[in-house]
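Below is one structure, written out as structure tokens; the observations come after it.
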Amino acid sequence: MNQNKNAFAGGIRDGMPIALGYFAVAFSLGIVAKKAGLNPFQGFLSSILNHASAGEYAEFTVIMANAPYFEMALVILITNIRYLLMSCALSQKFDSDTALGHRLLVGFGITDEIFGIAVGKPGMLNPYYSYGAMAIALPGWAFGTAMGVVAGNILPAALVSALSVALYGMFVAIIIPAAKTSKVVGGVVLISFAASFAVSKISVFSAMSDSMKISLLTVVIAGAAAFFFPLKDSPKQTGELGEGNPTKC
């Protein structure tokens with residue numbers, strides 16, 4: 001019980017800067033939500049259920065186009081499909097006895113930044129760590145959207161644009177420490193940046209959504225890194241998991 005409490009508190013601590021960044025960035029989403037005709041409560045509800053800026057932007061665009069619910073669901077699925085990969089990857093850090101309910105709840109609350117801090121934790125992952133990060137970060141995202149609906153149009157456009165940059169800076173702060181401690185991780189990060197830029201300029205990929213591009217690059221680059229630079233389980237992890245008892249996805 002104390003272990004879960006400590007993990008939850010650690011998640012809140014690490015999730016606090018993410019929550020602050022989310023609150024600022026979500027203002028711009030609130031502006032789009034207001035243009036789509038949503039009130040503050042609807043904006044809050046949308047963000048507490050859909051934790052991705054690209055997914056929500058696509059959602060609000062579909063609403064403004066008066067498209068049917070099926071089209072909205074399909075667009076959001078395609079836009080957010082990368083989180084399926086993140087959920088599966090993160091599940092490998094759970095103990096094999098972790099209940100399905102915990103896996104589903106952690107998967108529901110995955111964002112790029114929450115995934116970044118969770119996957120970067122050494123050793124096995126306690127689901128309560130993710131719960132702590134989710135408990136502070138996701139309301140920050142939702143309240144930011146609601147406040148954007150209320151006051152977003154009052155702010156100068158230049159200020160809203162500047163606030164949107166905060167999220168990218170925060171994500172860079174997550175990956176830099178890991179890249180500094182591992183040459184392999186650093187190389188993969190640089191290759192990912194270069195590949196992402198190249199794909200954005202190649203006309204063959206222009207019809208693909210940003211999320212689909214990210215998912216494709218993730219599978220290819222992460223798969224190649226795992227093949228050429230496999231990680232060996234530490235003795236402690238091997239003892240915890242047991243031989244021949246792999247974690248579940």
Distance in Å, [X] [atom1] paired with [Y] [atom2], rounded so as to fall on 0.5 Å steps:
X	Y	atom1	atom2	value
Phe44	Ile48	CZ	CD1	4.5 Å
Asn4	Asn126	CG	CG	5.0 Å
Asn66	Met72	CG	CE	9.5 Å
Leu49	Leu138	CG	CG	10.5 Å
Ile114	Met86	CD1	CE	11.0 Å

Please tell me if the side chains of [X] and [Y] come closer than 4.5 Å, counting only heavy atoms from C-beta onward.
X	Y	value
Leu217	Ser196	yes
Asn39	Gln42	yes
Phe228	Val184	no
His51	Tyr83	no
Lys93	Met124	no
Ile18	Ile136	no
Cys88	Leu84	no

Do [X] and [Y] belong to the same hydrophobic cluster, where Ile, Leu, Val, Met, Phe, Trp and Tyr are linked whenever their side-chain heavy atoms lie under 4.5 Å apart, directly or via other members?
X	Y	value
Leu45	Tyr69	no
Leu190	Ile221	no
Leu29	Met64	yes
Leu85	Val189	no
Phe41	Val32	yes

Partner set under ring pair (Phe, Tyr, Trp, His ring centres under 6.0 Å) for Tyr57, not counting sequence neighbours: none
Residues which pass ring pair (Phe, Tyr, Trp, His ring centres under 6.0 Å) with Tyr131, listed by chain and number, not counting sequence neighbours: His102, Tyr128
Of the non-hydrogen atoms in [X] and [Y], which two are nearest, and what is the gap between them?
X	Y	value
Ile63	Ala36	CG2-O, 3.7 Å
Ala135	Phe8	CB-CZ, 4.0 Å
Pro40	Val150	CG-CG2, 3.5 Å
Ala52	Asn80	CB-OD1, 3.4 Å
Val149	Gly30	CG2-O, 3.5 Å
Ala19	Ala137	CB-CA, 3.7 Å

Verdict with supporting geometry, Phe115 and Leu90, side chain to side chain contact (heavy atoms under 4.5 Å, CB included): CA-CA 7 Å; Phe115 171 79; Leu90 195 59; 4.2 Å; yes
Trace of the side chain to side chain contact (heavy atoms under 4.5 Å, CB included) decision for Trp141 with Glu56: CA-CA 11 Å; Trp141 180 259; Glu56 280 199 78; 2.7 Å; yes
[Y] backbone acceptor or donor facing [X] side chain under 3.5 Å:
X	Y	answer
Ser206	Ile202	no
Thr98	Phe94	no
Asn50	Ser46	no

Asp14: partners by side-chain hydrogen bond (donor to acceptor under 3.5 Å, both in side chains), with sequence neighbours left out: Tyr129
Donor + acceptor pair across side chains of Ser47, Tyr22 (<3.5 Å): no
Phe23 atom CZ, over 12 foreign heavy atoms within 6.0 Å: yes
Thr111/Met134 under side chain to side chain contact (heavy atoms under 4.5 Å, CB included): CA gap, chis, key distance, verdict: CA-CA 9 Å; Thr111 67; Met134 291 160 53; over 6 Å; no
Residues Ser130, Leu125; criterion side chain to side chain contact (heavy atoms under 4.5 Å, CB included); working and verdict: CA-CA 8 Å; Ser130 293; Leu125 179 67; 4.0 Å; yes
